[in-house]
Amino acid sequence: MTIAPKAACLVTGCAGFIGSHLTDALLASGHPVVGVDIRPRAEAVNLAGAFADPRFHYMERDINEHGVLAAARQVCPDIRHVFHLAAVVMVAFSMDHPELTMATNSTATRALHEESVAAGAQAFIFAGSAAEYGDDPRLPLKEEYATDDTEQASPYGKAKYLSSRLMQTSGFGCSLRFFNIFGPRQDPSSPYSGVISKFITQAVAGKDLTIFGDGGQTRDFIYVSDVIRSYLIAGGILPNPRTGTAEPLAGIFNVGTGSIMSINELAQQAIRSAGASSAILHAPARAGDIYHSQADIDLFTRTTGFTPDVDFLSGLNQTVDWFRSTR
Ligand SMILES: NC(=O)c1ccc[n+]([C@@H]2O[C@H](COP(=O)([O-])OP(=O)(O)OC[C@H]3O[C@@H](n4cnc5c(N)ncnc54)[C@H](O)[C@@H]3O)[C@@H](O)[C@H]2O)c1
């Protein structure tokens, strides 16, 4: 019996935190991957495992240079699943660079989406964001709360909203609206990195933790392995547990846990998990940051049967272990 080869996948933003985990998972499930990222290969340290796999092809490229899928198909003609993660990811940076943010997070998404439709791709999965909801007080946040009238707090949130809406209005493609993702490989080095990776690196190094604002802000934290599972189901790589068939999703779906934690609680827990005695300091709140965020995950759960597997504390402890191992 011959086994049909698995379809190839395109992952933009493959060198980043989530993109590298997704690339590893796709390769592990037998799919060749073309990974696109603006980072030079030598700086793509998250892809060490992928580079050892002959089914992985890396393309250093800016997604603002349109024609990404055509270029990837020159390397791997049979790309059927497109996972689009490359983006300006820092909210504060987006406030200072609105044009670059709109070009990268909205215009380039539209161009890649158009190419994917024209090329007959089966799946287009876009990385949406909780920032699309602005500072909406109706918690937990339901997908339909973000509308054309929503005032996002940043160009990042606005551009993500425009791209998610494209998935809905075009009838092709899916936006997974992620809440706060954490886990190994999340970059702690920039001033605007994910709060968990920053707190853990500070605590593991015995440094004090700095909270912007009063720390009463809440977030819905989801561990990266759960996010990758949501990607594989939405992209039609894994069977939908609800229907038993592997079919790409269309539309907009929140992906979070539905539970929240305050930044003050998080700081205390990060210090405990790291076994540290760091102090907690407060600095002024940052422009563009929203105060409360909590996902209503009912739509994704009803559609796919997906529920997060990893509880917050064990995810945090695995992340602490990883940061220790990289010191
Ligand atoms: N981490 C989170 O909590 C979270 C939450 C919601 C949404 N998201 C979205 O998920 C996606 C991945 O986020 P992440 O946390 O892995 O970020 P990341 O910064 O680790 O990865 C993003 C990758 O995109 C690449 N990139 C940026 N601009 C590019 C360009 N113009 N052309 C090609 N590559 C480019 C970067 O080099 C980087 O490797 C992003 O779209 C982000 O907005 C992340």
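Just so it is clear, the model here is predicted, and its values are computed rather than measured. When a ligand or atom number is given, it counts from 1 through the structure's own listing order.
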*Parallel, tilted or perpendicular: which describes the rings of His113 and Phe172, with under 30° parallel and over 60° perpendicular?*
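Rings of His113 and Phe172: tilted, as their planes differ by 30° to 60°.
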
*Aromatic rings Phe312 and Phe221: how do their planes relate, parallel, tilted or perpendicular, breaks at 30° and 60°?*
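Tilted: the ring planes of Phe312 and Phe221 meet at 30° to 60°.
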
Any atoms of ligand 1 less than 4.0 Å from a non-hydrogen atom of [X]? List them with their elements.
X      : value
Val89  : 17 (O), 19 (O), 40 (C), 42 (C), 43 (O)
Tyr156 : 7 (C), 8 (N), 42 (C), 43 (O)
Phe179 : 3 (O), 5 (C), 6 (C)
Ile18  : 1 (N), 10 (O), 12 (C), 13 (O), 14 (P), 15 (O), 16 (O), 44 (C)

Any [X] heavy atom less than 4.0 Å to ligand 1:
X      : value
Ala108 : no
Phe182 : no
Asp62  : yes
Leu85  : yes
Arg185 : no

_For atom 7 (C) of ligand 1, which of the options Ser163, Gly128, Ala130, Ala127 provides the nearest non-hydrogen atom?_
Gly128

_Check: Phe323 ring centre within less than 6.0 Å of Phe199 ring centre_ =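 No: the rings miss the under 6.0 Å criterion.
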
